[in-house]
Amino acid sequence: MINKGKRTLALAMTGTLLIGTCMLPTRAAMVATEQPVEGVNVVLEEYCNEVLGGKALAQITGQTTASSPAVTETPAPTEAPQLPETSDVDDEKDEVEEHVELNLNYSRLGIATNVDTYLNVRKKPSTNAKIVGKMTKNSGCHIYSIKKGWAKIVSGKVNGYVKASYLSTDKKAESLVSKVGRNVVEIQTDSLRVRALPTTEAPIYSVVSEGEEFTIKKDKLTLDFVKKIIDKEDISKKALKKAGGYEAIEKAMSGFICIYVDNEYAFVSKEYVKERYSLKRAVKAKTVKANKSSGVSSGQASIVEYAKQFLGNRYVWGGSSLTHGTDCSGFTMSLYARYGHSLPHSAAAQAGVTRKVSSPKPGDLFFYSNGSRINHVAMYIGGGMVIHASNARDGIKISNAYYRRPVKIGRVMN
């Protein structure tokens, strides 16, 4: 195994634009598969990985995975018991399998490094132009051109312009890839069950959607590691028994990868994921305005635009400061407090005091479960997206609203 901090990468800069895309939801429990950006093929050409210890460069090209069924496992329950959130978990630095694919390969690479939190992507090269997306710190992009201080870029599904001074470009950007990227799994089938323990008999942690990426905690599991996870996540003896005990786990764990799901750990089957080395990408974040025809009030539009100001800020478990650190329920609690609403500092408790709705509007709250309790909350910002305080690695971020299957969509009552 090789420590990621010692990895050196040489990107294949071939003059052909190759880029991953993000997801758009189609209904409450499913999301659309990825689509090319303006006809550009989503193809990973190659990258080289220098192996330490005197070994030669290892070249990876055109790796594919076996086809998987459209639906791997059935949906999770629609509701979960409303118990308090769990405490934060240690963010240990584990070594991860070295040879994974890089999800972004550009003919001219740019990385948003010269920003504190996020960078606005605008429709035209002007600070007065409409904002069409946002790149959080260390997100990657392809640069079409740089003119008069503005870079024309594409990142994920976002096309537009950013101030070039906020980007590291070309060779400097390439040298940063191994430092700012992360090892992830990309979900290869829709409605994939994520487990609390590494066996198909274990309780269901959540259900995730095709195309979503989750950071890898550890890809080569040991029984000692799993036991530590059981202790940290306070997994019950009943759940362990359902999984078949340690003997069954030891037999099955080679087929699973431990991933981060927001602020907790869970396990996903290797059969239905692809491992890759990934840079973050821009997300769409259009301005929300009051609109009578769509039923969006000025208050709803205002709270969403207020929330976006804190994109990229720190995650701190138990915190409620929008600028110095907050957890998921502290984030939504503090946002609504500014608008005169008092919410409890617990995702499950917030679910209990909001009115369930079927069609979300900006400002509504999405609640997610770990299979036994509601453990995460996010705010809907329109366009199928949510903003939430996710974890210590990503801070406050924007995600597909259905990256995990929500167990409730709640509206704060007046």
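All residue numbers in this chain count up from 1 along the given sequence.
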With sequence neighbours excluded, residues passing ring-ring contact (aromatic ring centres under 6.0 Å, His included) with Phe310: Tyr306
Leu109 vs Val177 side-chain heavy atoms within contact, under 4.5 Å: yes
Pairing residues for Tyr368 by the ring-ring contact (aromatic ring centres under 6.0 Å, His included) criterion, not counting sequence neighbours: Tyr403
Chi angles and distances behind the side chain to side chain donor-acceptor pair (under 3.5 Å) call for Ser155, Arg281: CA-CA 5 Å; Ser155 179; Arg281 288 158 284 184; over 6 Å; no
Which residues share a side-chain hydrogen bond (donor to acceptor under 3.5 Å, both in side chains) with Ser320, sequence neighbours left out: none
All pairs passing side-chain hydrogen bond (donor to acceptor under 3.5 Å, both in side chains) where residues 236-248 contributes a residue, at least two apart: none
Closest heavy-atom pair and its distance - Tyr277, Lys179: OH-N, 4.2 Å
Heavy-atom closest contact (Ala248 atom, Ala243 atom, distance): CB-O, 3.6 Å
Side chains of Val194 and Phe214 in contact at under 4.5 Å (non-hydrogen atoms): no
All pairs passing salt bridge (Lys or Arg N to Asp or Glu O under 4.0 Å) where residues 308-324 contributes a residue, at least two apart: Glu305-Lys308
Contact check, side chains of Glu233 and Asn370, non-hydrogen atoms, under 4.5 Å: no
Pairwise side-chain contact, Val185 with Glu275, heavy-atom cut-off 4.5 Å (strictly under): yes
Thr354 vs Phe367 side-chain heavy atoms within contact, under 4.5 Å: yes
Thr326 side chain to Gly319 backbone, donor-acceptor under 3.5 Å: yes
Sequence neighbours excluded - salt bridge (Lys or Arg N to Asp or Glu O under 4.0 Å) pairs with any residue from residues 197-207: none
CG (Asp231) with more than 12 external heavy atoms under 6.0 Å: yes
ring-ring contact (aromatic ring centres under 6.0 Å, His included) partners of Tyr336, counting only residues at least two apart: His341
Euclidean distance, Asn400 CG relative to Ser209 OG, rounded to 0.5 Å: 6.5 Å
NE2-OG1 distance between His345 and Thr332, expressed to the nearest 0.5 angstrom: 8.0 Å
NE2-CG distance between His376 and Asn391, expressed to the nearest 0.5 angstrom: 8.0 Å
Distance (rounded to the nearest 0.5 Å) between Thr222 OG1 and Lys227 NZ: 9.5 Å
Residue pair Asp262, Tyr315: steps toward the side chain to side chain donor-acceptor pair (under 3.5 Å) verdict: CA-CA 11 Å; Asp262 290 315; Tyr315 173 97; over 6 Å; no
Donor-acceptor contact below 3.5 Å, side chain Arg195 vs main chain Thr200: yes
Heavy-atom pair of closest approach, residues Gln300 and Gly295: OE1-O, 3.4 Å
Partners passing side-chain hydrogen bond (donor to acceptor under 3.5 Å, both in side chains) against Arg411 (at least two apart in sequence or in another chain): Asp364
Side chain to side chain contact (heavy atoms under 4.5 Å, CB included) partners of Asp170, counting only residues at least two apart: Arg108
Minimum side-chain heavy-atom gap Tyr265-Lys228 below 4.5 Å: no
Side chain to side chain, Val353 and Pro344, heavy atoms closer than 4.5 Å: yes
Nearest non-hydrogen partners of Ile204 and Val207, listed with the distance: CG2-CG2, 4.5 Å
Pairs meeting criterion salt bridge (Lys or Arg N to Asp or Glu O under 4.0 Å) with involvement of residues 285-304, two or more places apart: none
Test item: Arg404 side-chain N/O and Ser369 main-chain N/O as donor-acceptor pair under 3.5 Å: yes
With sequence neighbours excluded, residues passing side chain to side chain contact (heavy atoms under 4.5 Å, CB included) with Asn120: Tyr118, Arg122, Ile131, Lys134
CA sep, side-chain torsions, deciding dist, call: Thr113, Lys172, side-chain contact (heavy atoms from CB on, under 4.5 Å): CA-CA 11 Å; Thr113 55; Lys172 183 177 180 180; 5.7 Å; no
Backbone N/O of Ala351 and side chain of Lys408: donor-acceptor pair under 3.5 Å: yes
Donor-acceptor contact present, side-chain Asp219 to main-chain Ile257, <3.5 Å: no
Stepwise side-chain contact (heavy atoms from CB on, under 4.5 Å) test for Thr117 and Leu311: CA-CA 7 Å; Thr117 53; Leu311 180 66; over 6 Å; no
Backbone of Leu322 reached by a side-chain donor or acceptor of Asn313 within 3.5 Å: yes
Side chain proximity check, Met253 to Thr199, heavy atoms < 4.5 angstrom: no
Heavy atoms from other residues, nucleotides or ligands near NZ of Lys270 exceed 12 (cutoff 6.0 Å): yes
Non-hydrogen atoms of Pro198 and Leu221 that approach each other most closely: CB-CD1, 3.8 Å
Passing option when Lys280 is tested against Val184, Ile111, Val180, Thr136 for side chain to side chain contact (heavy atoms under 4.5 Å, CB included): Thr136
Trace of the side-chain contact (heavy atoms from CB on, under 4.5 Å) decision for Val158 with Val132: CA-CA 7 Å; Val158 180; Val132 295; 4.2 Å; yes
Lys137 side chain to Val115 backbone, donor-acceptor under 3.5 Å: yes
Inter-residue atom distance Ile216.CD1 - Tyr260.OH, 0.5 Å rounding: 10.5 Å
Results of ring-ring contact (aromatic ring centres under 6.0 Å, His included) for Tyr380 - residues two or more places apart only: Phe366
Step-by-step side chain to side chain donor-acceptor pair (under 3.5 Å) determination, Gln350 to Ser329: CA-CA 8 Å; Gln350 288 181 12; Ser329 59; 4.7 Å; no
Straight-line distance of Ile235 CD1 to Leu197 CG, nearest 0.5 Å: 4.0 Å
